Amino acid sequence: MVVEKDSAQNQTSNSKIVPLSIQMQTINLQEELNEIQAQAVQHIDGPVMVIAGPGSGKTRVLTFRIAYMIEQGIDAFSILALTFTNKAAAEMRNRIQNLIGNDARNVWMGTFHSVFARILRIECQRLGYPSNFSIYDTTDSKNLIKRIVKEEGLNDKIYKPNIVYNRISSAKNSLITSVDYNQDFNLTAEDEANRRPKLGALYRTYTKRLFEAGAMDFDDLIMNMYLLLSQHPDVLYKYQHKFKYIMVDEYQDTNYAQYLIIKLLCDVFQNIAVVGDDAQSIYAFRGANIQNILNFEKDYPEVATFKLEQNYRSTKNIVKIANQIITKNKLQLPKEIWTDNSDGNKVKLIRAASDNDEGRIVADIIQEMKLRNHYKNNDFAILYRTNAQSRSFEEALRRQNIPYKIYGGLSFYQRKEIKDFMAYLRLTVNHNDEEALRRVINYPRRGIGDTSMNKITLIANETGRPIWEVISNPALYKLTARVATALDAFATMIKSFRSLMTKKDAYDLAHHIGKATKMFKELHNDKSVEGLSRYENLQELLNSINEFRDTNSEEKLAGEVSDQNNLGAYLQQVSLLTDTGKDDENADTIKLMTIHSAKGLEFKLVFVVGLEENLFPSMLSMNSREDLEEERRLFYVACTRAEEHLMVSYANMRYRYGNLQYCEPSRFIDEISPFDMEAYGGSTQKTNVKTSWESPMKQRFNFSKQFKPKQAAGNLPAIDITDFKPDNPATLEAGMKVVHQRFGKGNIQHIEGEGPARMATIQFNQFGQKRILLKYAKLQIMQG
DNA sequence: GTGGGATCGGTTTTT
DNA sequence: CCGATCCCAC
């Protein structure tokens, strides 16, 4: 057993006598931080929890804390700082570097996934994985699931890849391995009840296939890290003693597996500092467990808790609105966010007739604000619930020649040409990477189509050999001469790339691969607009590989290949990136993004758009009170991004799959006191809404009709989902007279279904009979 | 094995 | 509306 040499070994864990680092500058904490922040920074030993409201200087505390620790002589190598996004990690590293210089480089800092991947590369042989394991992204995983479902002859309408993937993912997040899963009576019974009895078997096959391909999916990086630590005491010992100080950002977003790993790692020294805000927990859908932060004090009774409640970001009006929303939630740690900033402007409510109208109004307001307040484009952000909503804003901004940048959506690394090229790189490093292999074996065309691949898969399954084996030895199997030659050429080519790995660095090899596979040529020959942009994207990727090579090559070894700048190193770094990371900080653009990706950012003026029932809150995540509360936290996060102006908007009509649909203003609008809001922009005049109709003869008729936007902020409260618990069926019954926000007075005729799925058939005086899903309904019972 | 036309289905957030 | 998939003709 090799325990890594620990340079801080001579120190006891709380000795701060001998500073190891040269003090570049002395940090004056009193000058830089408020009292509570300074306390949190200086409390280094033992468990610490910092509850940090929005705009309260959370990142500031974290960075100063690390800088302070290093100045106190703690070895940077023994500090582990975990974040959730690459952006947060990069920003923190930057800021610490500014504070203390190059010592910052030695802190282990990164996302959970990237830090664990780095450790797994070193240790994963213990689990039987090769150290050059591939990382499957969501698309790869879903493709694999789709293929397994097909191979097993199951109905792909029942076993939809999304459902299967999510089920497996949440199992992994709860540290349930495929073996555990199949032995767990509750889970299998649940699957039986959902008419998906084969899920356990699918999970087993999926795990097996990943293992054979030498690949891990995102969740495996976490689960395998846990398995590694819990099954190998020597490895656990090594990292427990390596990471004497552990810090976790956005702790409210940790899932069960991450929680346990942290618990294991900090078990010896108990120097664990978590920073977060339960009110900003918005990742339950990927397993985040808000209880982790709510229960932190129970897990670590000696914890020192600091609450950062002063907001330095937003005006009083914005803080007030945010508080109004979040206090509707029952599940939270008690705290009160306040600010010393000025009152600022009232929150504006924008009413639009349609989504296009919404886009137009927002663009108009941006123009106006730029002129009136001398705002720059960088000061604006448009935040929405779903990526699909960006369209109308893009169109409107483009029409007005306002530069904008969209974050998220189809990320750079998701594009077909990039995925194809990356597949070649992955296949070069790991020949067993099945997803990569299937992606490129017939691209560019080399005469190995589906028929041949099906045959090869069959052979592989029958002989029990990996697909790569079959492909690289086609002569051994019954294949036509033509296919055998093509396969042989392909395998030889990939092998030649592999042998070049020690001779060429990442960029040179990638360039060689692009040429040898004829991918460059293929894309270059496509002269269409999309083809051109595909070619440019590939060039962009190569540029970034070039950049990687340059930053990771040691100067004296220029031109040499090392473990730092070869293809394997590049892939390791890049497979966990979801965006180019190359956002031009200098470019003056309006930012468009989902609320989820806006966490941690701030803008002078924020538009929170698309506030319509079933869209925000989303109808797909409204099955319990907890779900509604998470949507509410999402709205809270959105509002607290704003510094000076906050504008919320909704449209009464929205295009969905090409059809114009009616939308109700969101209940969140009703949750803001009307006195704290003022109508703004867009006016309430009639607007033309374009629509179209396709005749049975496939003729399309476009016409526009006039539409007057409906006023929001009705007085009817949305019915709380808690009322629909099966054990509390009262509240609404057939025979009752009710008032509906939109349809007016009516009689409930009958109610069907249970829980949140309850539907009421109501006869309305003006609008006739309607069926209404009660969990969304804004209804009031009429007395008498 | 390839390419074009018809048909069907899906509606969320991310490492 | 958009992408995946199926079917059919070459």
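What you see below is based on every heavy atom in this structure, not just the backbone, and it leaves out hydrogens, waters and symmetry mates. Numbers restart at 1 for each chain; the letters A, B, ... are given by sequence-line order, proteins then strands. Owing to the predicted nature of the structure, the values given are computational and were not obtained by experimental measurement.
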* Asked: How would you label the contact of Thr451(A) with the nucleic acid (heavy atoms, under 4.0 Å): base, sugar-phosphate, or nothing?
  -> sugar-phosphate
* **Length of the line joining Asn173(A):CG and dT14(B):C1', which is rounded to integer Å** => 12 Å
* Which of the following nucleotides, dT5(C), dT13(B), dT14(B), is nearest to the side chain of Lys146(A)? -> dT5(C)
* Verify stack between Phe112(A) ring and dT15(B) base, 5.5 Å, 30 degrees -> no
* Report which part of the nucleic acid Phe84(A) touches: base, sugar-phosphate, or nothing (heavy-atom distance under 4.0 Å, all strands). => sugar-phosphate
* To do: Calculate the interatomic distance between Asp217(A) atom CG and dT14(B) atom P; express it in whole Å.
  => 18 Å
* Asked: Between atom CZ in Arg654(A) and atom P in dT12(B), what is the gap in whole Å?
  -> 14 Å
* Asked: If you pin Tyr283(A) and Gly449(A) to their nearest nucleotides in DNA chain B, which one's is more 5'?
  -> Gly449(A)
* To do: Find the distance Tyr165(A):OH to dT12(B):P and express it as a whole number of Å.
  => 16 Å
* **Nucleotide nearest Ser597(A) (side chain, heavy atoms from C-beta), chosen from dT12(B), dT15(B), dT14(B)** => dT14(B)
* Rounded to the Å, how far apart are Asp450(A) CG and dT5(C) P? -> 11 Å
* Output yes when a side-chain donor or acceptor of Asn430(A) lies under 3.5 Å from a complementary backbone atom of Ala213(A), and no otherwise. => yes
* Start at the 5' end of DNA chain B and walk down; is the nucleotide closest to Phe218(A) or to Lys160(A) reached first? -> Lys160(A)
* Given dT12(B), is OP1 or OP2 found less than 4.0 Å from the side-chain N or O atoms of Asn614(A)? -> no
* Asked: If you take atom types as modelled and just measure distance, does the side chain of Arg385(A) reach the base of dT13(B) with a donor-acceptor pair under 3.5 Å?
  -> yes
* Atom-pair distance (CG on Leu577(A); P on dT15(B)), nearest Å -> 10 Å
* With a 4.0 Å cut-off on heavy atoms, is Asp219(A) in touch with a base, just the backbone sugar-phosphate, or nothing at all? -> nothing
* Using atom C1' of each nucleotide, how far apart are dT13(B) and dA4(C) to the nearest Å? -> 23 Å
* Structure fact -> Taking dT13(B), dT2(B), dT5(C) as options, the one with an atom nearest any side-chain atom of Thr594(A) is dT13(B)
* Asked: Base, sugar-phosphate, or nothing: which does Arg445(A) touch, judged by heavy atoms less than 4.0 Å apart?
  -> sugar-phosphate
* To do: Tell me what Asp137(A) touches on the nucleic acid: a base, only sugar-phosphate, or nothing, going by heavy atoms under 4.0 Å.
  => nothing
* Distance in angstrom units between Ile168(A) CD1 and dT15(B) C1', rounded -> 17 Å
* Determine whether the side chains of Thr457(A) and Arg438(A) contain a donor N or O and an acceptor N or O closer than 3.5 Å. => yes
* For the pair Asn652(A) (side chain) and Glu664(A) (backbone), establish whether a donor and an acceptor sit closer than 3.5 Å, ignoring hydrogens and angles. => no
* Are side-chain N/O atoms of Tyr636(A) and Asn329(A) paired as donor and acceptor at under 3.5 Å? -> no
* Structure fact -> Of the candidates dG1(B), dT14(B), dT12(B), the side chain of Ser618(A) sits closest to dT12(B)
* Just by distance, do the side chain of Asn289(A) and the backbone of Tyr256(A) share a donor-acceptor pair under 3.5 Å? -> no
* Structure fact -> Regarding the side chain of Asn387(A), the nearest nucleotide among dA4(C), dT15(B), dT13(B) is dT13(B)
* Structure fact -> Of dT14(B), dT5(C), dT15(B), the nucleotide closest to the side chain of His596(A) is dT14(B)
* To do: Specify whether Phe668(A) and Phe635(A) have parallel, tilted or perpendicular ring planes, treating 30° as the upper limit for parallel and 60° as the lower limit for perpendicular.
  => parallel
* Asked: Which is true for Lys599(A) with a 4.0 Å heavy-atom rule: it touches a base, it touches only sugar-phosphate, or it touches nothing?
  -> nothing
* What is the distance, rounded to the nearest whole Å, between atom CD of Gln258(A) and atom C1' of dT14(B)? -> 12 Å
